[in-house]
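Some notes on the structure that comes next.
Counting starts at 1 for both ligands and their atoms, following the listed order.
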Amino acid sequence: PPEVPPKGVNPEKKASPPLPRQNAKVQPPSPPPVIQDKTGSLRYQRMSFLGEGGFARVYQVRDSRNNHLACKVVTKSSLKTKKAKTKLYAEIKIHKALDHSNIVRFLDCFEDEENVYMTLELCPNGSLMSMLHRRRVFTEPEARFFMIQLIGACHYMHTHQVIHRDLKLGNLFLDADMNIKVGDFGLAALIESPGERKKTICGTPNYIAPEVLFDTANGHSFEVDTWSIGVILYTFIVGRPPFQTKDVKEVYQRIRDNQYEFPPHRDVSLDARELVQQILTPNPQERPTLHNIVDHAFFTRGTVPGFIPVSARDAPPNFR
Ligand code: ADP
């Protein structure tokens with residue numbers, strides 16, 4: 001296995017405090033209190049700070065009709081290289097084309113002298129990463145609810161030739177009604193011809209599929225998202241990702257060896273264990289399809305709540 005995280009692999013994002021910026025030479029964006037495009041036809045009041053990622057900062061903003069939105073700001077000084085520009089344009093092009101109830105809606109994109117701005121549907125209940133942090137673990141009915149929405153979004157992306165490539169709890173946001181919204185298309189790829197294979201090593205260590213790391217000659221495709229969905233399901237019901245250790249090198253070894261276990265102190269149902277085990281199949285060709293996954297007994301024999309109450313952000317809901 002590789003000695004260091006391969007280029008393109010995101011350091012794991014912690015809920016807080018933020019990690020050092022990926023490029024320390026670039027000043028983080030500091031958008032003005034009133035954000036507007038060059039013509040002045042789009043105008044937003046900057047409100048609270050929501051979070052930051054590699055190069056972007058995300059703020060809550062208010063438009064002239066008093067709608068609250070999220071605004072992702074990227075400073076132009078971080079877009080000096082052709083590669084950086086190409087990556088941002090790819091993210092915008094892919095995200096803009098997607099229209100699904102469980103994908104963060106992309107609203108507008110514009111620039112001023114300093115920054116590029118993307119307005120997005122606001123997800124006021126944060127990410128599943130911070131929710132799991134407070135809750136420690138989710139109940140299996142909650143896991144089924146979130147999984148069904150995630151799989152629906154993923155199926156939609158795949159039928160539109162998009163691989164997300166960075167599905168993880170930190171990129172799954174919650175709207176006001178606790179529905180999942182998949183966000184951050186910064187690593188997404190468009191498959192432009194049938195059978196095309198992607199070769200770029202990218203993702204986040206804990207969630208990365210084995211073929212991305214160890215079958216670089218053959219490349220990877222849609223099945224890498226399925227793998228991440230398996231990692232996400234395990235994380236929901238156990239409280240931490242299956243291959244997690246302090247040492248990234250060891251994470252890769254565990255992924256290579258398919259080495260993970262269910263801790264004895266957690267009562268995880270046999271159906272859940274079996275489904276995780278099926279999804280985390282090393283050979284991408286043998287991995288279940290998204291249809292196979294939703295047909296599994298974990299879903300068909302278990303209860304799926306109609307909705308998740310907002311109180312579930314802090315305490316397990318009482319489904320009956
Ligand atoms: P990057 O592409 O730089 O990783 P993200 O798109 O992941 O940036 O956003 C960074 C952070 O901003 C997220 O972790 C989250 O806290 C916040 N955020 C992003 N999009 C939204 C949104 N639509 N609604 C609310 N908060 C958001």
Side-chain angles (χ1 to χ4, degrees), residues 8-24 26-31 35 44 46-63 67-79 83-96 98-109 115-134 149 153 162 164-189 202-207 228 310 313:
V9 173
N10 279 344
E12 186 92 63
K13 271 191 234 166
K14 294 271 160 30
S16 68
L19 286 166
R21 304 189 67 77
Q22 273 173 18
N23 185 343
V26 175
Q27 283 292 315
S30 53
I35 297 168
Y44 305 92
R46 171 164 57 80
M47 301 171 73
S48 57
F49 174 70
L50 292 169
E52 67 184 326
F55 290 115
R57 277 189 167 178
V58 181
Y59 293 86
Q60 184 166 336
V61 299
R62 195 175 60 198
D63 72 8
N67 295 311
H68 290 236
L69 318 168
C71 182
K72 186 164 173 171
V73 189
V74 177
T75 162
K76 286 184 178 173
S77 62
S78 68
L79 299 174
K83 195 173 155 199
K85 282 195 203 78
T86 308
K87 276 179 77 178
L88 182 65
Y89 294 157
E91 173 179 350
I92 294 169
K93 181 184 162 198
I94 290 176
H95 197 171
K96 225 176 151 166
L98 299 174
D99 178 8
H100 185 274
S101 56
N102 296 110
I103 296 176
V104 172
R105 211 162 301 280
F106 188 99
L107 301 165
D108 268 305
C109 178
N115 306 305
V116 175
Y117 303 92
M118 287 159 268
T119 52
L120 309 168
E121 169 182 15
L122 178 66
C123 299
N125 281 317
S127 76
L128 279 182
M129 174 71 130
S130 44
M131 178 173 162
L132 186 73
H133 211 78
R134 287 189 300 269
Q149 294 199 337
V162 172
H164 186 284
R165 300 201 295 185
D166 203 17
L167 293 175
K168 56 178 175 179
L169 269 65
N171 285 336
L172 303 178
F173 301 111
L174 292 163
D175 75 2
D177 301 319
M178 299 293 280
N179 293 303
I180 282 199
K181 302 280 174 169
V182 176
D184 195 356
F185 288 80
L187 291 181
C202 65
T204 298
N206 274 322
Y207 296 81
S228 309
V310 176
R313 284 170 41 122

For ligand 1, indicate whether the residue Val58 contacts it via side chain, backbone, both or neither (heavy-atom separation under 4.0 Å). side chain

Note: ligand 1 atoms sitting under 4.0 Å from heavy atoms of Leu50 are 16 (O), 25 (C), 26 (N)

Would you kindly say whether Arg313 and Asn125 are connected by a side-chain donor-acceptor distance under 3.5 Å? yes

Considering residues, nucleotides and ligands other than Lys85, do more than 12 of their heavy atoms fall under 6.0 Å from its NZ? yes

Within ligand 1, which atoms have a heavy atom of Ala70 less than 4.0 Å away? 22 (C), 23 (N), 24 (N)

Looking at Gly51, Cys123, Ser48, Gly54, the heavy atom closest to atom 3 (O) of ligand 1 belongs to Gly54

Is there a polar contact between ligand 1 and Asp184, counting only N or O atoms under 3.5 Å apart? yes

Please work out which of Phe173, Phe49, Phe106 has its closest non-hydrogen atom nearest to atom 15 (C) of ligand 1. Phe173

Nearest neighbour of atom 2 (O) of ligand 1 from the list Lys72, His95, His68, Gln60, on a heavy-atom basis: Lys72

Could you tell me whether Glu91 and Lys96 make a salt bridge, using a distance below 4.0 angstrom between a side-chain N and a carboxylate O? no

Could you label the plane-to-plane angle of the His95 and Phe185 rings as parallel, tilted or perpendicular, counting under 30° as parallel and over 60° as perpendicular? tilted

Look at atom NZ of Lys87 and say whether more than 12 heavy atoms of other residues, nucleotides or ligands are closer to it than 6.0 Å. no

Between Asn171 and Ser127, a side-chain donor and acceptor under 3.5 Å: no

